[in-house]
Each structure stands twice: as structure tokens, then as C-alpha cells.
Asks: 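Can you keep this structure in mind? I'll have questions shortly.
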Protein chains: 2
Amino acid sequence: MIQDRLNILKRFFKKNRRLPSYSEMLKLFGFSSKNAVFKLINKWVDANFLKKDSGKLAPTSKFFALPLLGNIKAGFPILAEENKNYLTLDEYLIGDPQSSFLLKVSGDSMTGVGIFEGDIVIVEKKKEAYIGDIVLAQIDNEWTLKIFKKDRVKKMVFLEAANPHYPPFYPKRELQIYGVVRAVVRKIN
Amino acid sequence: MIQDRLNILKRFFKKNRRLPSYSEMLKLFGFSSKNAVFKLINKWVDANFLKKDSGKLAPTSKFFALPLLGNIKAGFPILAEENKNYLTLDEYLIGDPQSSFLLKVSGDSMTGVGIFEGDIVIVEKKKEAYIGDIVLAQIDNEWTLKIFKKDRVKKMVFLEAANPHYPPFYPKRELQIYGVVRAVVRKIN
DNA sequence: CATTATAGTAAACATTTGTTCACTGTCAAG
DNA sequence: CTTGACAGTGAACAAATGTTTACTATAATG
């Protein structure tokens with residue numbers, strides 16, 4: 001019952017990107033006294049789903065996040081209450097929202113490292129990269145993802161596809177790097 | 001300047017999971033009149049970063065989301081303002097938060113479909129699956145990800161790894177499915 | 001039975017909220 | 001030089017906010 005109401009609240013936040021006021025919760029929960037709301041809210045604050053800072057109500061990370069389960073050998077992992085971590089994907093994957101963007105992958109040049117056509121990669125804008133980074137770079141007026149590598153013999157950097165069908169790319173003059181791939185995301189179906 | 005202030009607001013929301021009140025914004029932006037805040041807010045509402053519903057201020061999806069860039073042949077994709085889509089990963093990846101959880105992948109049985117050790121998969125809890133789904137199932141008291149398949153000759157379902165080193169698994173009695181993988185997520189580094 | 005906790009109603013209240021109005025200084029354009 | 005737009009100050013205010021207090025009904029416990 002109280003869980004149902006928390007779900008109502010979650011749905012409201014998901015839809016409106018804010019918490020409802022107590023008066024709105026009256027209708028939302030079917031109460032007719034704000035005090036009922038008040039008591040309910042305090043329970044959720046105690047349970048760490050919500051918090052009050054400077055008198056203002058706000059969700060905690062537990063409010064949003066999905067449980068993250070590790071590798072448990074026996075018994076259904078979801079039942080292990082104590083080991084539960086909570087994670088929101090945005091927080092987990094995106095380090096610096098200011099300088100990041102998403103890129104829909106086309107082509108099969110990175111299948112060797114598990115990046116397929118249609119995947120979305122999170123790219124952090126920057127012009128330098130470490131050897132081994134997966135970088136977004138411009139080659140012959142076309143944008144591609146490649147691995148940033150160093151040729152020890154020729155003593156120069158080059159780009160390598162993670163797919164044996166593609167040849168390595170040695171830049172004629174300089175190599176223009178625009179970003180480094182920080183995460184990969186794939187929706188199935 | 002106005003962009004700086006929007007970033008201040010974004011940082012506040014990221015930290016507190018709510019928007020500040022006008023009085024709080026006074027200090028946040030360094031104003032000394034609430035009217036200055038009021039006018040600034042209205043600009044952001046016009047620019048569709050914020051919205052007001054039922055008199056309450058809330059962020060729009062544009063406020064949070066990262067730009068999603070498609071495959072653009074020439075020119076730096078980020079510059080194409082019009083084609084910008086915005087996406088928050090949580091919204092994109094998680095269909096039904098109520099019945100979903102995250103699972104950290106161990107083992108190499110699914111490398112063939114680009115799921116590696118350490119990846120996180122989003123699992124939707126359910127007991128049935130379609131042929132071809134990647135399912136979370138219990139085999140011999142151990143949890144694994146496998147592909148749900150059907151043997152046309154024997155006319156029975158079985159589980160198959162996406163890695164030739166693992167044999168297919170034919171259940172002795174019944175096959176217990178606990179969820180279907182809806183998305184894969186990988187952090188690099 | 002009596003008791004105690006739980007879930008909710010109802011009314012009252014100080015505080016804070018977002019908004020409005022009148023005004024000031026600055027800067028660029030005609 | 002004037003004009004108008006822009007960015008901000010300062011004060012005032014009705015409406016809404018979260019909280020408190022007192023009370024009721026229901027169910028669970030011993």
C-alpha cells in the first residue's frame with residue numbers, strides 16, 4: 001500500500017521532473033488531510049527515499065535508482081537486501097555532462113571491442129587521448145571511431161579499427177581527435 | 001553569462017535533485033532582487049529549459065539531456081543545432097523501472113553478442129521470454145545469461161551461450177527464467 | 001476486556017512562495 | 001542627443017506552502 005503510493009510518486013516525478021506539493025499529493029494519494037501526507041512523507045524520509053534540505057523536499061538517489069546486483073551463486077540475487085547497491089545510469093555513465101555528448105554508432109569497425117552498429121557511445125569532448133583510448137576522429141571528412149595507437153617502430157600515432165577487415169590509418173600530417181569514448185550503451189530489441 | 005547561470009542551476013539540480021526556490025537563486029546567482037530571478041527564469045522557460053505547470057517550476061527534458069548526434073559525414077556533428085536530439089540514458093534504456101534491475105556481468109559466455117565481463121545489463125523481471133531473447137536464468141544453482149532458443153527437431157527450448165566454448169544447455173525438467181535483458185551498458189576505463 | 005500503535009480527518013497558522021509594479025543605470029542604435 | 005531595450009533593485013502582496021495540534025476510527029496485542 002505504502003509501496004503503491006511510492007510508485008505513484010515515482011511516476012509523478014518521472015512525468016513532471018519534480019515532486020508534487022502536499023496539496024497535489026492529497027489528490028494523488030486520495031487523502032483529505034494534509035497531515036496524512038505529512039506523516040507519509042516523513043516515513044519516506046526515514047526510509048531514505050526522500051530528504052529535506054533547507055525545508056525543501058527532494059528525492060534521494062535511492063528514490064530513482066535501480067538495484068544493482070552482483071554475481072551471486074545461489075538464491076535469487078534480488079532477495080539479498082543488504083548487498084543492494086543503487087545506481088542511476090546517467091550518474092554512473094556520464095562523468096562531465098557539460099562536455100559530453102552521445103553518438104549513434106554506424107558501421108562495424110569496432111565490433112572487436114563490442115561496439116556495434118546502432119549502439120550509442122558517450123563521448124567526452126577533448127583533443128588529446130591516451131594510447132589505447134577509443135577516440136572519435138575525423139578521417140577524410142568522415143567521422144569514425146577508432147583505437148588510438150602508437151607505432152613503436154615508426155614512432156608515430158595512428159588509428160586502428162577493432163575489426164581485421166579494416167586497415168590501420170596512418171595520418172599524413174596530423175591526427176584530429178575530437179573526443180574519447182567513455183561508455184557504450186545498447187538497447188536490445 | 002546566462003549560460004554560466006544555467007550551468008549553476010544544472011549543478012544545483014544534479015546535487016540536490018530539485019530546483020532551488022527563487023530566494024535560494026538570489027544567492028546562487030548573486031542577485032539582490034527576486035525580480036531579477038523571475039525574469040531570468042522566464043527566459044529559460046521560453047528557451048524550453050524549464051517549464052511551469054500548475055505554477056510550479058520544473059526542468060524539461062532538454063534541461064538534463066545530452067545531445068544525441070547521428071552519423072554526419074562532413075563537419076563536426078555537434079555544430080548542427082537543428083538536428084539535435086536530446087536523450088537521458090535512464091529514460092532511453094529503462095522501460096519499466098518498477099520491474100527492472102541491474103546486473104553486473106561475470107564470465108565470458110556472452111561475448112559473441114557483445115556482452116563482456118564487467119558490463120552492466122538491465123534486466124526486466126519476467127518468467128517468459130521469446131525465442132532469441134537474452135535471458136537471466138538459473139542453471140544448477142547458478143545464475144547465468146544465455147540466449148533462449150528452440151530446438152526444432154527435439155521440439156524443446158534450451159539455452160545457448162554466445163560463445164562457442166560453452167555447450168548448449170538442455171533442461172532436464174523445466175527451464176526457470178527470471179528476466180530478459182533489455183539493454184547493455186559498459187563503462188570504459 | 002483494556003491498551004497501544006497505526007492511519008487518517010480537520011482546522012489553524014506562521015512562513016515562504018512566485019508574481020507584480022515602479023524605478024534606476026547602462027549601453028547601443030538611429 | 002534622444003530613444004528604447006536590457007539587466008537589475010526594492011518593496012509590496014495574495015496565494016500556497018509545510019507544519020503543528022487536537023481528535024477519531026480501526027485493528028492488533030496481551
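Chain naming here is simple, since letters A, B, ... match the order of the sequence lines and numbering starts at 1 in each. Values below: all heavy atoms of this structure, side chains included; hydrogens, waters and symmetry mates excluded.
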Asks: Taking the six-membered ring for Trp, are B/Tyr170 and B/Phe158 parallel (under 30°), tilted (30 to 60°) or perpendicular (over 60°)?
Replies: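 Parallel: the ring planes of B/Tyr170 and B/Phe158 meet at under 30°.
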Asks: Roughly how many Å is it from CG in A/Leu40 to C1' in D/dT19, rounded to a whole number?
Replies: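 These atoms are roughly 15 Å apart.
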Asks: Parallel, tilted or perpendicular for A/Tyr22 and A/Phe38, by the 30°/60° rule?
Replies: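 Answer is tilted, since the angle falls between 30° and 60°.
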Asks: Is B/Val135 reachable from B/Met156 through a run of hydrophobic residues whose side-chain heavy atoms are each under 4.5 Å from the next?
Replies: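 No, no single cluster joins them.
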Asks: Detail all sub-3.5 Å separations between protein N/O atoms and N/O atoms belonging to nucleotides 10-17 of chain C.
Replies:
from, atom 1, to, atom 2, distance (Å)
C/dA10, N7, A/Ser33, OG, 2.9
C/dT17, OP1, A/Lys56, NZ, 2.7
C/dT17, OP1, B/Ser21, OG, 2.9
C/dT17, OP2, B/Ser23, OG, 2.4

Asks: Please find the pair of heavy atoms, one from A/Met110 and one from A/Lys146, that lie closest to each other, and give the distance.
Replies: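 Closest approach of A/Met110 to A/Lys146: SD-CA, 4.0 Å.
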Asks: Got a salt bridge between A/Arg18 and B/Asp53, using NZ or NE/NH1/NH2 to carboxylate O under 4.0 Å?
Replies: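 Salt bridge present between A/Arg18 and B/Asp53.
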Asks: Once you round it to whole Å, what is the distance between C1' of D/dA16 and CZ of A/Arg18?
Replies: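 That distance rounds to 13 Å.
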Asks: Could you check whether B/Lys52 gets within reach of a base, just the sugar-phosphate, or nothing at all, counting any heavy atom under 4.0 Å?
Replies: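 The answer is sugar-phosphate, as B/Lys52 gets under 4.0 Å only of primed atoms, P, OP1 or OP2.
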Asks: Starting at atom CG of A/Leu26, determine the distance to atom C1' of D/dT19, rounded to an integer number of angstrom.
Replies: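 Taking CG of A/Leu26 and C1' of D/dT19, I get 14 Å after rounding.
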Asks: In whole Å, I'd like the distance from the CG atom of B/Leu57 to the P atom of D/dT17.
Replies: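 In whole Å, D/dT17 P and B/Leu57 CG are 14 Å from each other.
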Asks: Using a cut-off of less than 4.0 Å, is there contact between a side-chain N or O of B/Arg5 and OP1 or OP2 of D/dA7?
Replies: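 It does not, given that no N or O in the side chain of B/Arg5 lies less than 4.0 Å from OP1 or OP2 of D/dA7.
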Asks: Between P on C/dA7 and CG on A/Asp4, what's the gap in Å once rounded to a whole number?
Replies: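 One finds 14 Å between P of C/dA7 and CG of A/Asp4, rounded.
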Asks: Rounded to whole angstroms, how far apart are CG on B/Asn42 and P on C/dC21?
Replies: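 Going from B/Asn42 (CG) to C/dC21 (P), I get 13 Å.
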Asks: On DNA chain D, compare the nucleotides closest to A/Gly55 and B/Ala36; which residue's is nearer the 5' end?
Replies: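 First, find each residue's nearest nucleotide; the 5'-ward one identifies B/Ala36.
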Asks: Check whether any side-chain heavy atom of A/Phe63 sits under 4.5 Å from a side-chain heavy atom of A/Trp44, and report yes or no.
Replies: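 In short, these two side chains do not touch, never coming nearer than 4.5 Å.
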Asks: For residues A/Val121 and A/Phe116: do they belong to one hydrophobic cluster (side chain heavy atoms under 4.5 Å, members Ile, Leu, Val, Met, Phe, Trp, Tyr)?
Replies: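 Different clusters.
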Asks: Atom CZ of B/Phe29 and atom P of D/dA7: how far apart are they, to the nearest Å?
Replies: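 B/Phe29 atom CZ is separated from D/dA7 atom P by 15 Å.
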Asks: Can you check the A/Phe38 CZ to D/dT20 C1' distance for me, whole Å?
Replies: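 Roughly 8 Å, once rounded to whole Å.
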